[in-house]
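Below you'll find the structure, written out as C-alpha cells, and then a few comments.
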Amino acid sequence: HSAAKACNPRIMATLLLWTGPSLLYDFPDRCKRLAFHYAIRSIEVTKLLLHYYKYNSVQHQEYFDVLNLDESSQRSLARVKNEMLEDIGEELQKRKYKRAHPNAAWSEDEHPKPWRIGAFNSCDDYGNSPLHYAALAGSLDIVKLFLGMPDVDIFVRNNDGETALDFAMGNQSCAMAILEKAAGSPQSSTTILCDGMKHSHAGGSSRKAAELFIEQLGKRYVYGVYEA
C-alpha cells in the first residue's frame with residue numbers, strides 16, 4: 001500500500017518479487033482498499049500490479065539488473081517460488097478463516113484464494129472500486145489500463161448506487177473511455193449513461209470518502225497523521 005501510494009514502481013517491483021500475492025491481494029487496509037486503490041496516481045505502478053495479476057510475473061527489467069539463467073534453471077526457480085507462495089497464501093488464508101470461524105473445517109474449494117479472481121475490481125467499505133477512484137481523479141491512462149482488463153467490471157455500484165461513470169462525469173475523456181467500453185458490453189450503455197447523468201451531482205458518503213482518499217494520496221503520512 002505504501003509503495004503504491006508513493007508511486008514508486010521500483011519498490012513495488014521489489015515487493016512483488018519477494019512477497020508475491022499473499023501480501024499484495026490478501027491484506028486490504030482497514031477500509032478494505034488494496035494496492036490497486038492506492039496506485040491510481042501512478043501508471044507505472046498500476047501496470048506492474050495488473051501485469052502481476054494477469055501473468056503472475058513482475059516486469060522488473062526497467063528497475064533491476066537481470067541475471068540471465070539457462071532455461072532449466074529458470075523453470076526450477078519459478079516452480080520453487082510459486083510453490084512457496086502457494087503454501088504461504090494457503091496458510092495465511094487458513095489462519096484468517098479459523099480465527100473468524102474457530103469451529104469450522106477448512107475447505108480449499110469453499111474458500112478460494114482471493115487474489116486469483118478479479119482482485120482489481122475489489123470494492124472498499126464504501127463500495128468504490130479502483131476504477132471509481134481512477135475516474136474521480138481524472139487519471140485517464142489508468143482508467144484505460146483497467147478498461148483493458150478482460151474481466152473489468154464497469155457496472156459495479158458503490159454504496160450510494162454510483163458507477164465509475166458517475167465519478168467520471170467531471171472528466172470528459174474518462175467518461176468517454178468508459179462509455180466506449182460499455183458499448184461493447186452485454187449491458188446497455190444507454191442505461192449506464194443515464195445513471196451517470198442522474199448521479200453526476202450527487203454528494204453521497206461514498207463520493208465524499210473517495211474525494212478525501214484522493215486528497216490524502218497527495219500528502220505524506222507521518223507518525224499516524226497526514227501532513228497539512
Side-chain angles (χ1 to χ4, degrees), residues 1 3-7 9 12 24-25 28-29 31-54 117-219 226:
H1 291 81
K5 180 181 183 296
C7 303
M12 181 59 71
L24 176 61
Y25 298 133
D29 69 7
C31 292
K32 296 184 180 178
R33 296 185 180 113
L34 301 178
F36 292 107
H37 294 85
Y38 282 82
I40 61 165
R41 297 184 304 138
S42 173
I43 187 171
E44 294 301 324
V45 172
T46 302
K47 280 182 178 178
L48 279 169
L49 294 173
L50 291 177
H51 185 274
Y52 191 87
Y53 169 80
K54 289 175 68 175
I117 306 172
F120 65 93
N121 286 318
S122 297
C123 295
D124 61 14
D125 278 342
Y126 304 95
N128 295 321
S129 70
L131 182 59
H132 276 88
Y133 285 105
L136 185 62
S139 303
L140 177 60
D141 290 336
I142 295 177
V143 166
K144 288 182 176 179
L145 283 177
F146 285 124
L147 295 179
M149 299 292 287
D151 47 349
V152 65
D153 186 355
I154 63 174
F155 298 100
V156 64
R157 297 179 183 277
N158 64 19
N159 297 352
D160 295 326
E162 294 178 289
T163 65
L165 179 62
D166 297 315
F167 276 26
M169 294 309 289
N171 186 294
Q172 183 178 2
S173 298
C174 290
M176 290 303 299
I178 295 173
L179 284 172
E180 289 174 4
K181 179 70 174 182
S185 169
Q187 297 192 45
S188 170
S189 60
T190 303
T191 300
I192 193 172
L193 174 58
C194 292
D195 287 344
M197 296 177 66
K198 179 175 63 177
H199 292 293
S200 61
H201 299 291
S205 59
S206 294
R207 180 183 290 266
K208 290 177 180 177
E211 291 171 345
L212 178 61
F213 177 70
I214 291 172
E215 178 185 350
Q216 290 175 342
L217 285 178
K219 298 180 180 180
Y226 286 102

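These numbers come from a predicted model, not from an experiment. Residue numbers run from 1 in the order of the sequence given.
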- Could you list the residues that satisfy side-chain hydrogen bond (donor to acceptor under 3.5 Å, both in side chains) with Asn158, not counting sequence neighbours? Asn128
- Task: Not counting sequence neighbours, which residues clear salt bridge (charged side-chain N to carboxylate O under 4.0 Å, His left out) with Arg41? List them please.
- Result: none
- Note on the structure: The reported gap from NE2 in His132 to CG in Leu136 (rounded to nearest 0.5 angstrom) is 9.5 Å
- Item | By side-chain contact (heavy atoms from CB on, under 4.5 Å) - contacts of Ala4 (at least two apart) | Met12, Ala35, Tyr38, Ala39, Val45
- Which residues satisfy the ring-ring contact (aromatic ring centres under 6.0 Å, His included) test with Phe146, sequence neighbours excluded? none
- Counterpart residues, side-chain hydrogen bond (donor to acceptor under 3.5 Å, both in side chains), relative to Ser42 (two or more places apart): none
- Task: Give every residue pair that meets the side chain to side chain donor-acceptor pair (under 3.5 Å) criterion with at least one member in residues 170-180, sequence neighbours excluded.
- Result: none
- salt bridge (Lys or Arg N to Asp or Glu O under 4.0 Å) contacts touching residues 132-150 (sequence neighbours left out): none
- Could you list the residues that satisfy side-chain contact (heavy atoms from CB on, under 4.5 Å) with Ala175, not counting sequence neighbours? Leu165, Ala168
- In Å and rounded to the nearest 0.5 Å, what is the CD1 to OH distance from Ile214 to Tyr133? 7.5 Å
- Nearest-0.5 Å distance, CZ of residue Phe120 to OG of residue Ser129: 9.5 Å
- Nearest 0.5 Å, what's the CG-CG distance between Asp160 and Asp166? 10.0 Å
- Can a donor-acceptor pair be found between the side chains of Tyr126 and Arg207 at a distance below 3.5 Å? no
- Task: Under the salt bridge (charged side-chain N to carboxylate O under 4.0 Å, His left out) rule, collect the residues that match up with Asp125, sequence neighbours excluded.
- Result: Lys32
- Item | Counterpart residues, salt bridge (charged side-chain N to carboxylate O under 4.0 Å, His left out), relative to Glu215 (two or more places apart) | Lys219
